[in-house]
Amino acid sequence: MRCTYIASLFWLFELCIPARTATINYQYLEGIEYDKNVKPAGTLTDVSVSLYINRISGVDENKEEISFDVFLQITWEDLRIQPVFNNKVGEYVELTKADRDMIWVPDLYIRQLREMKMLTLFEEISSLRLYENSTISLSIGATIIIKCDMDFVLYPLDVQRCPVDFSSYKYPVKDLRFRWRSENALSFPNDFGDGFFRLPKYVVSFYTEQESQIVNYSDDNHSSARLEITLSREVKSYLLENYLPSTLFVSISWGSFVVVPEIVPGRMVLLVTTLLSLITMFDTVRNNSPDALELKCLEVWLISCTLFVFFALMEYFIVLFGIRYDKHWRVAKAQHASSIPPSITLQSAVTMAQSTMDTSINSASFQRENGLEHATLKVSGTNKIQPHDHNSKTTSASLSNIQDTVQSAQKVSSVMTRKRFRNVADVALLYAGSQRGRLDQLSLIIFPVSFLIFTISYWTMYLTESKKNFK
């Protein structure tokens with residue numbers, strides 16, 4: 001009884017709702033037989049495209065892919081098909097699977113397509129409708145994975161722009177033109193937003209080029225309906241997770257300039273802990289962020305913050321060295337210098353060298369004036385004549401004395417130069433590390449001002465580059 005009752009309900013349902021049926025005549029206007037492998041007659045065939053974007057499945061930064069669920073609809077006119085409706089309940093009729101295999105369909109090619117999966121429940125989600133004016137509409141539900149060339153140099157201020165071209169590979173622009181439908185080319189669910197969709201990390205927006213674009217495949221130009229997908233990253237989470245903590249670490253390192261330098265454990269623990277925290281943060285960001293050919297924007301920030309803390313640690317090392325020099329080495333050096341007699345000065349050495357040279361020259365001239373420059377001959381026991389070399393020995397001795405004096409003067413000059421350099425170093429070390437030193441006070445002003453200048457320059461430069469990519 002139950003089965004009979006259900007069968008009667010189905011029979012009443014079919015009586016109340018008449019089916020849409022039509023008789024389709026496939027014919028050329030010239031009377032030639034229809035060929036599904038040949039496009040409609042005429043010089044140019046318009047194919048309009050529309051998308052209903054159901055949801056964004058995700059963005060894979062490592063693979064540089066975007067996946068989303070869509071219902072793709074393409075519409076074209078084929079005057080070779082003349083439908084004759086048996087009962088005009090509506091303005092279109094759903095074609096059967098047998099009819100689909102007999103109709104010409106444009107060869108849709110998505111240039112940036114990585115993979116396309118047809119949506120199926122009990123059967124494939126698609127429909128082919130034929131309208132009274134010989135217009136055919138094909139609708140397909142699919143999950144599309146798009147390849148997008150991404151650049152992460154400005155991460156996390158990067159803006160990714162991914163153009164997607166819907167075109168034909170077989171027919172050139174003179175035979176087939178793809179364009180977006182004039183009305184409702186893009187449609188979204190009610191919870192999608194006004195043309196954009198929010199993901200955990202990205203804000204995804206869509207834009208269609210109303211004019212038909214031209215792309216080149218092999219040796220010919222092809223018409224394209226271009227969809228542009230823009231991915232702009234949510235920066236608030238990065239400000240709270242990376243920029244704010246790193247700024248606080250750098251600010252904490254400035255507190256070491258207030259700590260008394262003699263308290264080594266407290267100041268060292270503060271600086272070293274801050275430095276290690278920034279290094280750990282940089283390593284975490286580098287492992288969890290997408291790869292790029294250059295240093296990313298966030299990595300530049302973290303490296304700079306690490307350098308600021310490192311320079312603060314180097315400043316403390318200079319202060320410690322100055323304190324140790326002031327307390328131990330300078331006192332020992334002063335005691336050692338007091339036990340050594342004062343050495344000859346540079347001016348006295350130069351004066352002595354000049355006086356020695358003048359004495360030698362005067363002696364030589366005096367001997368020449370008295371006729372001693374003539375060689376005196378002495379007769380030896382072997383009847384050989386030898387010159388008297390008394391004057392030559394005196395001259396060579398004088399020259400050797402002059403050379404020794406000049407060398408001593410040069411040594412004194414080098415000693416005086418080193419002494420001046422040591423005096424400058426002593427003043428610098430005392431200024432840095434002694435009890436009356438001022439290096440910590442200057443650092444307490446220089447470091448914050450330098451970091452402020454760096455911050456302003458950093459955000460100005462990278463925000464300008466990010467806005468250029470967003471346009």
Side-chain angles (χ1 to χ4, degrees), residues 35-53 56 59-68 70-78 103-118 135-140 142-154 158-186 195 204-232 292-293 465 468-471:
D35 187 358
K36 68 175 184 178
N37 297 318
V38 179
K39 78 177 192 66
T43 56
L44 182 62
T45 301
D46 276 338
V47 178
S48 60
V49 183
S50 64
L51 281 178
Y52 177 83
I53 301 176
I56 307 295
V59 178
D60 193 335
E61 295 177 340
N62 296 324
K63 296 182 179 180
E64 299 183 356
E65 293 177 353
I66 308 171
S67 58
F68 48 93
V70 299
F71 290 96
L72 172 65
Q73 185 177 14
I74 57 176
T75 305
W76 69 97
E77 187 179 49
D78 192 348
I103 293 178
W104 176 85
V105 177
D107 60 317
L108 177 63
Y109 174 68
I110 303 177
R111 185 180 181 184
Q112 293 80 7
L113 181 65
R114 174 63 64 84
E115 186 178 357
M116 185 172 181
K117 301 177 182 178
M118 301 297 295
T135 300
I136 303 173
S137 176
L138 174 61
S139 179
I140 301 172
T143 298
I144 297 178
I145 301 177
I146 297 296
K147 172 67 176 178
C148 179
D149 295 330
M150 300 182 181
D151 186 6
F152 298 103
V153 174
L154 296 179
D158 55 324
V159 177
Q160 310 297 339
R161 305 185 65 165
C162 309
V164 183
D165 293 314
F166 298 86
S167 62
S168 170
Y169 184 80
K170 181 179 179 181
Y171 298 99
V173 65
K174 62 182 181 180
D175 296 329
L176 198 65
R177 182 178 67 181
F178 273 83
R179 59 179 178 82
W180 290 103
R181 196 168 63 181
S182 57
E183 296 180 359
N184 297 326
L186 286 178
V204 187
S205 57
F206 298 87
Y207 174 76
T208 57
E209 295 284 351
Q210 295 300 324
E211 296 183 359
S212 180
Q213 305 296 313
I214 302 298
V215 293
N216 185 272
Y217 302 136
S218 65
D219 296 333
D220 215 339
N221 293 328
H222 299 259
S223 175
S224 169
R226 178 168 296 176
L227 170 69
E228 189 166 301
I229 305 174
T230 304
L231 305 176
S232 57
L293 296 176
E465 293 294 328
K468 288 181 181 179
N469 294 337
F470 190 76
K471 293 180 180 180

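- Partners of Asp107 under the side-chain contact (heavy atoms from CB on, under 4.5 Å) rule, at least two apart in sequence or in another chain, are Ser168, Tyr169, Lys170, Tyr171, Leu176.
- With hydrogens and angles disregarded, a donor-acceptor distance shorter than 3.5 Å links the side chain of Gln160 to the backbone of Asp151.
- Counting heavy atoms from C-beta on, the side chains of Asp165 and Ile110 never come closer than 4.5 Å.
- In this structure, CD in Glu228 is found 10.0 Å from OG1 in Thr208, a value given to the nearest 0.5 Å.
- Relative orientation of the Tyr109 and Tyr217 rings is perpendicular, given thresholds of 30° and 60° on the angle between their planes.
- Note that CG of Leu108 is 7.5 Å distant from OG of Ser167, once rounded to the nearest 0.5 Å.
- Contact of the Val49 side chain with the Phe178 side chain is registered, since non-hydrogen atoms from C-beta on lie closer than 4.5 Å.
- Annotation: the span from Asn221 atom CG to Lys174 atom NZ amounts to 11.0 Å, rounded to 0.5 Å.
- Inter-residue side-chain proximity for Trp180 and Leu51 is flagged as met; some heavy-atom pair is nearer than 4.5 Å.
- Residues Val153 and Asp158 fail the side-chain proximity criterion, which asks for heavy atoms closer than 4.5 Å.
- With 3.5 Å as the limit, one finds no donor-acceptor pair spanning the side chains of Glu77 and Thr45.
- Here salt bridge (Lys or Arg N to Asp or Glu O under 4.0 Å) pairs that include residues 204-217, with residues two or more places apart or in two chains, number zero.
- Taking 4.5 Å as the limit, some side-chain heavy atom of Ile144 sits within range of a side-chain heavy atom of Leu113.
- Between the side chains of Glu65 and Ser67, no donor-acceptor pair of N or O atoms lies under 3.5 Å.
- Note that OG of Ser224 and CD1 of Ile214 are 8.5 Å apart. Values are rounded to the nearest 0.5 Å.
- Separation of atoms CD (Gln112) and CD1 (Ile145) is listed at 14.5 Å; rounding is to 0.5 Å.
- A distance of 6.0 Å separates CG of Leu227 from CG of Leu186, quoted to the nearest 0.5 Å.
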